[in-house]
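Each residue takes its place number in the sequence, starting with 1. All values below come from the heavy atoms of this structure, side chains included, with hydrogens, waters and symmetry mates left out.
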Amino acid sequence: MHVSFDPWSPAFVADPYPAYAALRAAGRVHWFEPTGQWLIPHHSDVSALLRDRRLGRTYLHRFTHEEFGRTPPPAAHEPFTTLNGQGLLDLEAPDHPRIRRLVSKAFTPRTVENLAPTVRRLAAGLVDAFVAKGGGDLLAEVAEPLPVAVIAEMLGVPEEDRGPLRPWSAAICGMYELNPSEVTAKAAVRASEEFSAYLRGLIAERRTAPGDDLISALIAAHDDGERLTEQEMVSTCVLLLNAGHEATVNTTVNGWRTLFHHPEQLAALRAAPTSLPTAVEELLRYDTPLQLFERWVLDDIEVDGQVIGRGAEVALLFGSANRDPERFADPERLDLSRVDNPHVSFGAGIHYCLGAPLARLELEASFGELLRKAPAMRMVGEPEWQPGYVIRGLKELVVEV
């Protein structure tokens, strides 16, 4: 490979898009030795492989680790492995459709619709407090608290118990980076144990005293006598927090940084706030928080003449796909009025993000409140990026209002 794909380099993390352009120009598939993965940079291939059932998020529904030529995870990682492995994101048929069907009975479009007033109220309160103090760190004071509060309200987590939710989420999501360290793994294991124990206690309470919350709905959900196991409920709740939180937080701060760097687009958005839903989609495309998504090859596939055999792993480069000129007109240009916008930021196929409608609701609420109440908001200095690449976001975003 003759292009600079270096996910551990701060310079690459700060701006991976030139390297993506070079990858796309160099071909449709590239072997990346440091992680033992095939990189897929083009939109057409990423979109097709997300839907291809010859690939999977796991292989354990068909093979043992040994049959698949892989080393089992260390026994010390078991709390994380169990928690992660029973979540929708890392399951395939027959478990995935069964669990998704049951979860969908509890997490319905009406659930999201009914949450809208709560989301708007929470966003308004956070922005009001932020504006009253003249600004600060937008990430810590608006972007992070909103999705955590929304998920906590949805699950029925009491306000006094919400403090550990964000640290638990961050520790667990550290394991989704490329080649995570043992320090990262230990933090993820500890968070998995603590978060799981807390949720098991909450589930036990709801079994005896059901409420108007998602955990009670998950307990009640059934289909021809089938119900979710306790572990499946725990893993579902953790996934809702982790996936919803990481995507919404990073889209918010990455999006505002993008807007500050494109003042003419920000001015146009302020002048036409009804275009916000379209603008949010463009911000998701232009600088997606999830840059890479992995799939195992369950049966041989071929990409541009390159056979990728069973047992291999592909890395679908969402960030590159979303800037592919073969699919998007003038893709390096931020265009908040872009309507032909089939970005892959929420995935596709059976693993399309279950929480996408809720994420959009949260993003429109927080962006809308800030556009209305902080019309002169500006960035103070250039923010630094977190070291992580797969889930890519800022350390902070300091602004004045």
Side-chain angles (χ1 to χ4, degrees), residues 111-170 173 213-214 237 240-260 266 269-270 273-277 279-281 283-284 287 289 355-381 383-384 386 391 393-401:
T111 303
V112 177
E113 185 181 317
N114 291 342
L115 271 173
T118 298
V119 172
R120 296 187 187 108
R121 172 179 56 79
L122 291 169
L126 290 167
V127 171
D128 285 344
F130 190 68
V131 170
K133 65 189 285 288
D137 181 4
L138 188 67
L139 186 150
E141 297 176 54
V142 177
E144 280 192 342
L146 178 60
V148 172
V150 170
I151 294 292
E153 293 258 340
M154 189 167 65
L155 295 177
V157 176
E159 198 157 342
E160 62 271 17
D161 291 351
R162 296 176 185 180
L165 295 181
R166 165 57 178 155
W168 283 336
S169 173
C173 287
D213 56 71
L214 185 63
C237 292
L240 283 171
L241 175 68
N242 291 351
H245 172 264
E246 295 297 335
T248 308
V249 170
N250 292 320
T251 300
T252 301
V253 291
N254 295 5
W256 273 107
R257 176 186 174 275
T258 296
L259 291 173
F260 290 136
L266 177 54
L269 181 59
R270 292 194 194 284
T274 55
S275 65
L276 186 55
V280 164
E281 298 303 314
L283 292 171
L284 281 161
D287 204 14
L358 179 58
R360 288 182 167 110
L361 174 63
E362 291 172 354
L363 290 166
E364 289 174 28
S366 69
F367 273 96
E369 289 291 322
L370 286 163
L371 286 166
R372 282 191 298 274
K373 294 174 178 175
M377 188 167 75
R378 65 182 186 87
M379 190 163 60
V380 178
E384 292 183 32
Q386 295 275 10
I391 301 172
L394 302 172
K395 291 182 179 179
E396 62 179 10
L397 184 61
V398 179
V399 302
E400 293 176 346
V401 300

Mind running side-chain contact (heavy atoms from CB on, under 4.5 Å) on Arg120 and Glu369 for me, showing each step along the way?
CA-CA 8 Å; Arg120 296 187 187 108; Glu369 289 291 322; 5.6 Å; no
Using atom types as modelled and distance alone, determine if a side-chain donor or acceptor of Thr258 lies under 3.5 Å from a backbone N or O of Asn254.
yes
Heavy-atom check, side chain of Ile151 versus side chain of Leu165, under 4.5 Å:
no
Side chain Arg360, main chain Pro277, donor-acceptor under 3.5 Å:
no
CG of Leu241 to CH2 of Trp168: how many Å apart, nearest 0.5 Å?
10.0 Å
Non-hydrogen atoms of Cys173 and Asn242 that approach each other most closely
SG-CB, 3.8 Å
Identify the heavy atoms of Leu283 and Gly255 that sit nearest to each other, and give their distance.
CD2-O, 3.9 Å
Separation between OG1 of Thr252 and CG of Leu139, rounded to the nearest 0.5 Å
8.5 Å
Residue pair Val148 / Val249, side-chain heavy-atom distance below 4.5 Å
no
Measuring from atom CG of Leu276 to atom CZ of Arg270, what distance do you get when rounded to the nearest 0.5 angstrom?
11.5 Å
Is there a donor-acceptor contact under 3.5 Å linking the side chains of Thr248 and Glu362?
yes
Donor-acceptor pair, distance only, cut-off 3.5 Å: does the side chain of Asp137 make one with the backbone of Leu397?
yes
Answer whether the closest heavy-atom distance between the side chains of Arg372 and Pro273 falls below 4.5 Å.
no
Rounded at 0.5 Å granularity, tell me how far CZ in Phe367 sits from CG in Leu269.
8.5 Å
Assess whether side-chain contact (heavy atoms from CB on, under 4.5 Å) is satisfied between Leu370 and Leu138, documenting all intermediate values.
CA-CA 10 Å; Leu370 286 163; Leu138 188 67; 3.8 Å; yes
Evaluate side-chain contact (heavy atoms from CB on, under 4.5 Å) for Leu358 paired with Thr111, printing each intermediate quantity in order.
CA-CA 9 Å; Leu358 179 58; Thr111 303; over 6 Å; no
Measure across Ala149 and Leu122 and return the closest heavy-atom pair with its distance rounded to 0.1 Å.
CB-CD1, 3.9 Å
At what distance, to the nearest 0.5 angstrom, does CG of Leu266 lie from CG of Leu371?
7.0 Å
Shortest non-hydrogen contact between Gly135 and Glu141, atoms and distance
O-OE1, 4.2 Å
Pro289 and Asn250 have their tightest heavy-atom pair at CB-CB, 3.5 Å
So which atom in Val127 and which in Ser366 form the shortest heavy-atom distance, rounded to 0.1 Å?
CG2-O, 4.5 Å
How far does CD of Glu396 sit from CD of Glu384, to the nearest 0.5 angstrom?
7.5 Å
Which is it for Arg257 and Leu394 under the side-chain contact (heavy atoms from CB on, under 4.5 Å) test, yes or no, and what are the steps along the way?
CA-CA 9 Å; Arg257 176 186 174 275; Leu394 302 172; 4.0 Å; yes
